[in-house]
Trainee: 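For reference, the structure I am asking about is given below.
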There are 2 protein chains.
Amino acid sequence: MLNDTLKFDAHNCDGCPIRHRAVCARCETDELEVLEQIKYYRSYEAGQTVIWSGDQMDFVGSVVSGISTLTQTMEDGRTQMVGLLLPSDFVGRPGRDRAAYDVVAVTDMVMCCFRRKPFEAMMAKTPHIAERLLEMTLDELDAAREWMLVLGRKTAREKIASLLAIIARRDATLKMASIQGRLVFDLPLTREAMADYLGLTLETVSRQISALKRDGVIELEGKRHVTIPDMGRLLEEAGDDSDGGMLA
Amino acid sequence: MLNDTLKFDAHNCDGCPIRHRAVCARCETDELEVLEQIKYYRSYEAGQTVIWSGDQMDFVGSVVSGISTLTQTMEDGRTQMVGLLLPSDFVGRPGRDRAAYDVVAVTDMVMCCFRRKPFEAMMAKTPHIAERLLEMTLDELDAAREWMLVLGRKTAREKIASLLAIIARRDATLKMASIQGRLVFDLPLTREAMADYLGLTLETVSRQISALKRDGVIELEGKRHVTIPDMGRLLEEAGDDSDGGMLA
DNA sequence: CGTTCGCTTGAGAACTCTCAATAGGGGTGG
DNA sequence: CCACCCCTATTGAGAGTTCTCAAGCGAACG
């Protein structure tokens with residue numbers, strides 16, 4: 001576990017894999033030096049809960065590597081995923097001391113953390129941080145609204161296709177590959193996590209994945225290794241414009 | 001229509017009804033003076049479209065009075081409301097020149113607008129504006145995520161109860177009334193708009209409203225005038241904790 | 001007075017869920 | 001090395017919820 005933490009120098013932001021996309025993206029060298037003084041790393045294992053909703057949050061931070069989920073749960077146990085945290089995504093909310101959602105690591109994960117109070121103080125003095133955080137929050141708001149359309153108006157098949165399209169797109173972006181034609185990736189989520197994201201049951205998720213496979217929209221090796229022979233086709237199945245997609 | 005515009009002095013922010021809650025809430029007197037120079041008012045009639053998704057957006061602004069909806073539409077016509085804009089809510093996104101959603105006034109509405117470029121320039125120089133916008137955006141993100149739970153996991157009856165609870169709560173806050181016990185308000189939305197918000201059909205909305213009425217959870221005079229005899233009961237029907245509710 | 005619009009209600013169809021049985025893979029222990 | 005178990009996933013059958021299509025009502029408006 002600690003190996004992950006040591007893959008990059010724990011005190012030098014220069015080599016950080018999320019340096020150009022995280023909340024610190026716009027910071028100058030001198031600002032980074034201040035951040036380096038208050039930051040620390042934490043590692044989580046796959047399946048481990050990072051924060052429980054309602055818990056005291058004495059830190060905020062960025063996902064450096066790995067993936068985690070943001071979920072809400074009703075009293076009777078129904079749960080809805082409200083966000084997927086990928087490398088560079090921000091965890092926590094300045095000015096709020098209690099977590100609003102459960103955060104659970106779905107893969108091994110490393111976070112770059114800041115104690116909340118010093119971070120808030122620094123934000124007040126460093127417009128670059130607040131600017132970037134505003135931009136990131138606006139992007140998340142767009143993503144959440146995009147997801148509201150998926151949850152409210154799409155069929156089970158379209159929901160699955162939408163989720164696969166999002167994951168495929170993100171994966172291609174990460175690999176700097178084209179997001180057209182043939183794409184190959186590993187699903188980071190279990191069927192149950194997908195169901196929680198899509199507002200479905202895991203059985204419906206399984207059935208629709210089988211259906212998409214039967215219809216040649218996707219190919220599967222094992223349960224998790226997915227091939228998209230034709231991204232345009234997948235986007236049609238998702239009910240999106242095959243040209244653009246997620247954001248106009 | 002223009003009467004609305006004249007209800008408050010179009011050049012003086014002091015008497016503005018959203019002065020303390022809008023994007024300008026934190027501004028000092030001197031900052032307000034600058035804003036006053038670049039602002040202008042626009043009025044819209046009920047039913048009028050403020051912006052079409054994909055259109056050029058040369059302004060941003062705040063809702064001063066009235067209500068409008070933020071919706072997304074799929075190619076085949078399915079539509080999902082992704083936000084409800086109430087007085088003090090912000091419209092538009094700094095740094096983006098095309099609208100991502102349709103904005104439609106559901107009541108007569110007045111907006112306080114700023115041309116986008118001057119506003120962006122001012123934001124860069126005025127941390128108070130960016131700070132407040134960040135706070136508002138984080139609140140909207142929470143609301144969007146709360147709504148994801150409603151869309152993804154609640155039954156039709158719970159969805160209706162949730163919407164009524166939100167509207168009742170907002171209305172009570174506006175009137176500075178207690179949000180416990182008996183509440184009375186007018187529904188600002190048609191059944192169809194409610195359906196678009198909830199990811200249901202208008203028939204299902206109508207049926208569930210009738211059911212809640214039959215069960216004594218709500219009382220109706222006409223189609224729009226609603227009485228909530230017991231807010232706690234309504235929150236139970238919404239599947240929320242009857243004590244807290246929306247945000248922890 | 002007729003038309004339109006928003007709303008209600010009914011009946012049957014379609015979709016997704018629930019409950020249940022089965023299968024496959026990975027790890028553990030005999 | 002194999003048997004066993006646990007966890008994840010698949011598949012089936014029937015039930016339940018919501019949708020679709022359709023008819024009808026009442027108020028507002030021309």
Side-chain angles (χ1 to χ4, degrees), chain A residues 45-48 69 74 76-80 104 106-107 150-164 186-215 218-226 237 239, chain B residues 45-48 69 74 76-80 104 106-107 150-164 186-215 218-226 237 239:
Chain A
E45 290 179 44
Q48 199 180 343
T69 60
M74 294 172 66
D76 61 9
R78 282 177 282 178
T79 78
Q80 175 65 51
V104 179
V106 295
T107 65
V150 173
L151 290 173
R153 292 302 186 192
K154 292 195 176 178
T155 64
R157 171 183 263 245
E158 289 171 331
K159 285 179 174 182
I160 298 290
S162 298
L163 179 56
L164 293 176
D186 284 304
L187 270 180
L189 303 176
T190 64
R191 300 292 187 263
E192 187 178 17
M194 294 175 71
D196 284 344
Y197 205 169
L198 298 166
L200 298 171
T201 57
L202 67 90
E203 293 95 330
T204 299
V205 170
S206 186
R207 273 186 254 272
Q208 295 299 334
I209 287 180
S210 298
L212 288 174
K213 179 175 156 191
R214 174 168 39 70
D215 299 343
I218 62 174
E219 292 160 21
L220 273 183
E221 266 176 81
K223 313 296 187 187
R224 300 291 193 88
H225 194 73
V226 182
E237 292 287 355
Chain B
E45 291 180 44
Q48 198 179 344
T69 60
M74 293 172 65
D76 60 9
R78 282 177 281 177
T79 79
Q80 174 65 50
V104 179
V106 294
T107 65
V150 173
L151 290 172
R153 292 302 186 192
K154 292 196 176 177
T155 64
R157 170 183 265 244
E158 289 171 332
K159 285 180 174 181
I160 298 290
S162 298
L163 179 56
L164 292 175
D186 284 305
L187 270 179
L189 303 176
T190 63
R191 300 292 186 262
E192 187 179 16
M194 293 175 71
D196 284 344
Y197 205 168
L198 297 166
L200 297 170
T201 58
L202 68 90
E203 292 96 331
T204 299
V205 169
S206 185
R207 274 187 255 272
Q208 295 300 335
I209 287 180
S210 298
L212 289 174
K213 178 176 157 191
R214 173 169 39 72
D215 298 343
I218 62 174
E219 291 161 22
L220 273 182
E221 265 177 82
K223 314 295 186 187
R224 301 291 194 89
H225 194 72
V226 181
E237 292 286 355

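Throughout, a chain's letter reflects where its sequence line sits, starting with A, and its residues are numbered from 1. Keep in mind the model is a prediction, meaning the values are calculated, not measured.
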Trainee: In whole angstrom, what separates B:Leu187's CG from C:dG6's P?
Mentor: 15 Å
Trainee: Expressed in angstrom and rounded to an integer, what is the separation of B:Leu200 atom CG from D:dT20 atom C1'?
Mentor: 14 Å
Trainee: For A:Leu200, is there any backbone N or O sitting under 3.5 Å from a side-chain donor or acceptor partner on B:Arg153?
Mentor: yes
Trainee: What is the distance from NE2 of A:His225 to P of C:dG25, rounded to the nearest Å?
Mentor: 16 Å
Trainee: Just by modelled atom types, is the B:Gln208 backbone N or O under 3.5 Å from a matching donor or acceptor in the B:Arg157 side chain?
Mentor: no
Trainee: Send over the distance from A:Lys159 NZ to C:dT16 P, rounded to a whole Å.
Mentor: 8 Å
Trainee: Rounded to the nearest angstrom, tell me the gap between atom CZ in B:Arg153 and atom C1' in D:dT17.
Mentor: 15 Å
Trainee: Test your reading of the model: is there a side-chain donor-acceptor pair from B:Glu237 to the backbone of B:Glu158, 3.5 Å cut-off?
Mentor: no
Trainee: Does atom CD of A:Gln48 have more than 12 heavy-atom neighbours, drawn from other residues, nucleotides or ligands, at distances under 6.0 Å?
Mentor: yes
Trainee: Strictly distance-based, threshold 3.5 Å: is any side-chain N or O of A:Ser206 a donor or acceptor partner for the main-chain N or O of A:Leu202?
Mentor: no
Trainee: For the pair made of CD in B:Gln208 and C1' in D:dC19, what is the distance, rounded to whole Å?
Mentor: 13 Å
Trainee: Over how many whole Å does the gap from B:Arg78 atom CZ to D:dT18 atom P extend?
Mentor: 18 Å
Trainee: May I ask you to test the A:Thr190-A:Arg224 pair for a side-chain heavy-atom distance under 4.5 Å?
Mentor: yes
Trainee: Roughly how many Å is it from CG in A:Leu198 to P in C:dC17, rounded to a whole number?
Mentor: 10 Å
Trainee: Reading nucleotides 7-16 of chain D from the 5' end, what letters show protein touch, with B for base, S for backbone sugar-phosphate only, - for no heavy atom under 4.0 Å?
Mentor: --SBBBB---
Trainee: Just call it for A:Gly47: base, sugar-phosphate, or nothing, with non-hydrogen atoms closer than 4.0 Å on any strand.
Mentor: nothing
